[in-house]
Colleague: 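Questions regarding the structure given below will be posed in turn.
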Amino acid sequence: MLKVGLTGGIGSGKSTIAAMFEALGIPVYYADDAAKEIMNEDEELKLEIISLFGSESYTEGKLNRKFIASLVFNDKSKLESLNALVHPATIRAADKWMQKQSSPYVIKEAALIFESGSQDQLDYVIGVFAPQTLRIHRVMKRDGVTKDEVLKRMSNQIDDEIKMRLCNFVIKNDDYEAVLPQVLDLHNKLIGETTGVLM
């Protein structure tokens with residue numbers, strides 16, 4: 001079974017692409033959603049976060065997102081410290097999940113595949129590319145935030161051009177090129193790789 005990463009900058013549309021792979025019967029692990037769950041459920045991780053940011057980090061046993069966001073969004077070193085705790089826990093959980101799957105390949109959808117070092121556990125990485133202006137517009141519309149807020153979030157991710165060069169395959173999601181044929185083409189390639197028939 002192949003382990004395939006799916007990544008892209010904020011607003012690139014990687015969740016939409018992931019849903020297309022799911023529709024083709026491929027299991028998808030949504031690492032960012034899983035990380036939120038892990039921060040609420042992993043007792044060891046909770047203690048580490050509390051020792052790093054203080055008792056306000058959790059209210060009634062649940063992560064105090066607003067408090068954590070207020071600390072990390074404007075302080076890169078605090079964000080890096082948080083990621084250094086959360087990423088290894090998420091990578092471990094993804095590995096366990098992958099081992100339970102039985103499809104020809106699985107997908108791990110995550111914004112920070114290269115930033116977290118999790119590409120080392122994957123056979124291939126697919127990048128989802130969209131121009132920055134389009135990504136900004138999508139996130140402003142989706143999250144009801146300002147352009148400055150979107151740019152601040154983008155500054156915490158590897159530059160998209162660099163990220164795409166690190167990927168084995170790139171899907172263009174720029175509102176010009178049809179996405180589904182690109183997904184089907186990649187799906188066939190990956191299935192072909194697992195059966196030894198190159199397509």
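For this chain, numbers begin at 1 and follow the sequence in order.
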Colleague: Give a yes or no on whether Tyr105 and Met98 share a hydrophobic cluster (residues Ile, Leu, Val, Met, Phe, Trp, Tyr; joining criterion: side-chain heavy atoms under 4.5 Å apart).
Modeller: no
Colleague: Please say yes or no: joined through hydrophobic side-chain contacts below 4.5 Å, possibly via intermediate residues, are Val170 and Leu166 part of one cluster?
Modeller: no
Colleague: Any heavy-atom pair between the side chains of Ile171 and Phe169 that's under 4.5 Å?
Modeller: no
Colleague: Is any side-chain heavy atom of Tyr30 closer than 4.5 Å to one of Lys36?
Modeller: no
Colleague: Taking ILVMFWY side chains as joined if any heavy atoms are under 4.5 angstrom apart, and letting links pass through other members, which residues group with Val150?
Modeller: Ile10, Ile136, Val139, Met140, Val145, Leu151, Met154
Colleague: Within this structure, what is the OG-CG distance for the pair Ser81 and Leu79, rounded to the nearest 0.5 Å?
Modeller: 8.5 Å
Colleague: Please report the closest heavy-atom contact between Val179 and Asn173, naming both atoms and the distance.
Modeller: CG2-OD1, 3.4 Å
Colleague: Honestly curious: do Ile17 and Val4 fall in one hydrophobic cluster under the side-chain, below-4.5 Å linking rule?
Modeller: yes
Colleague: Which pair of heavy atoms, one from Ile158 and one from Glu115, lies closest together, and at what distance?
Modeller: N-OE2, 2.9 Å
Colleague: Can a salt bridge be assigned to the pair Lys46 and Glu43 using a cut-off of 4.0 Å between side-chain N and carboxylate O?
Modeller: yes
Colleague: Should Asp160 and Arg165 be marked as a salt bridge (charged side-chain N to carboxylate O under 4.0 Å, His left out) after you check the CA-CA gap, both sets of side-chain angles, and the distance that decides it?
Modeller: CA-CA 9 Å; Asp160 226 39; Arg165 283 203 292 274; over 6 Å; no
Colleague: Determine, stepwise, if the pair Lys108 / Lys3 fulfils side-chain contact (heavy atoms from CB on, under 4.5 Å).
Modeller: CA-CA 8 Å; Lys108 177 184 179 180; Lys3 297 172 181 177; over 6 Å; no
Colleague: Side-chain contact, heavy-atom cut-off 4.5 Å: Cys167 with Thr7?
Modeller: yes
Colleague: According to a 4.5 Å side-chain heavy-atom criterion applied to Ile, Leu, Val, Met, Phe, Trp and Tyr, with indirect links allowed, do Met20 and Leu2 form part of one hydrophobic cluster?
Modeller: yes
Colleague: State which residues pass side-chain contact (heavy atoms from CB on, under 4.5 Å) with Asn40; sequence neighbours excluded, sorted by chain then number.
Modeller: Tyr58, Lys62, Leu63, Arg65
Colleague: For Thr146 and Asp148, which I'm curious about, is there any donor-acceptor pair between the side chains at under 3.5 Å?
Modeller: no
Colleague: Less than 4.5 Å apart, any side-chain heavy atom of Glu37 and any of Glu41?
Modeller: yes
Colleague: Which distance, rounded to the nearest 0.5 Å, do you find between the CG of Leu6 and the NZ of Lys14?
Modeller: 8.0 Å
Colleague: Of all the heavy-atom pairs spanning Arg138 and Ser12, show the shortest one and how long it is.
Modeller: NH1-O, 3.1 Å
Colleague: So which heavy atom on Phe53 is nearest to which on Lys78, and how close?
Modeller: CZ-O, 3.7 Å
Colleague: Establish whether Leu82 and Ile91 are linked, either directly or via other cluster members, by ILVMFWY side-chain heavy-atom contacts under 4.5 Å.
Modeller: no
Colleague: If I compare all heavy atoms of Asp32 with all of Ala111, which pair ends up nearest, and what's the gap?
Modeller: OD2-N, 3.4 Å
Colleague: With a 3.5 Å cut-off and sequence neighbours excluded, list the donor-acceptor pairs that the side chains of residues 124-131 form with protein atoms.
Modeller:
{"residue": "Tyr124", "atom": "OH", "partner": "Glu193", "partner atom": "OE1", "Å": "3.2"}
{"residue": "Tyr124", "atom": "OH", "partner": "Glu193", "partner atom": "OE2", "Å": "2.4"}

Colleague: Quick one: closest heavy-atom pair of Gln121 and Asp95, and the distance?
Modeller: CG-OD2, 4.0 Å
Colleague: Are Leu180 and Gln182 side-chain neighbours, meaning at least one heavy-atom pair lies under 4.5 Å?
Modeller: no
Colleague: With sequence neighbours left out, what residues match Pro88 under side-chain contact (heavy atoms from CB on, under 4.5 Å)?
Modeller: Arg92
Colleague: Are any of the side-chain heavy atoms of Ser15 and Glu109 separated by less than 4.5 Å?
Modeller: yes
Colleague: Keeping the roles fixed (side chain from Asp75, backbone from Leu71), state whether a donor-acceptor pair exists under 3.5 Å.
Modeller: no
Colleague: Taking only residues at least two apart or on different chains, which pairs with a member in residues 130-156 satisfy ring-ring contact (aromatic ring centres under 6.0 Å, His included)?
Modeller: none
Colleague: Would you check if the side chain of Ser57 reaches a backbone N or O of Ile50 as a donor-acceptor pair within less than 3.5 Å?
Modeller: no
Colleague: Any salt bridge linking Arg135 with Asp174? Criterion: basic side-chain nitrogen under 4.0 Å from a carboxylate oxygen.
Modeller: no
Colleague: To the nearest 0.5 Å, what is the distance between CG on Asp159 and CE on Met164?
Modeller: 9.5 Å
Colleague: Who passes ring-ring contact (aromatic ring centres under 6.0 Å, His included) against Tyr29, sequence neighbours left out?
Modeller: Trp97
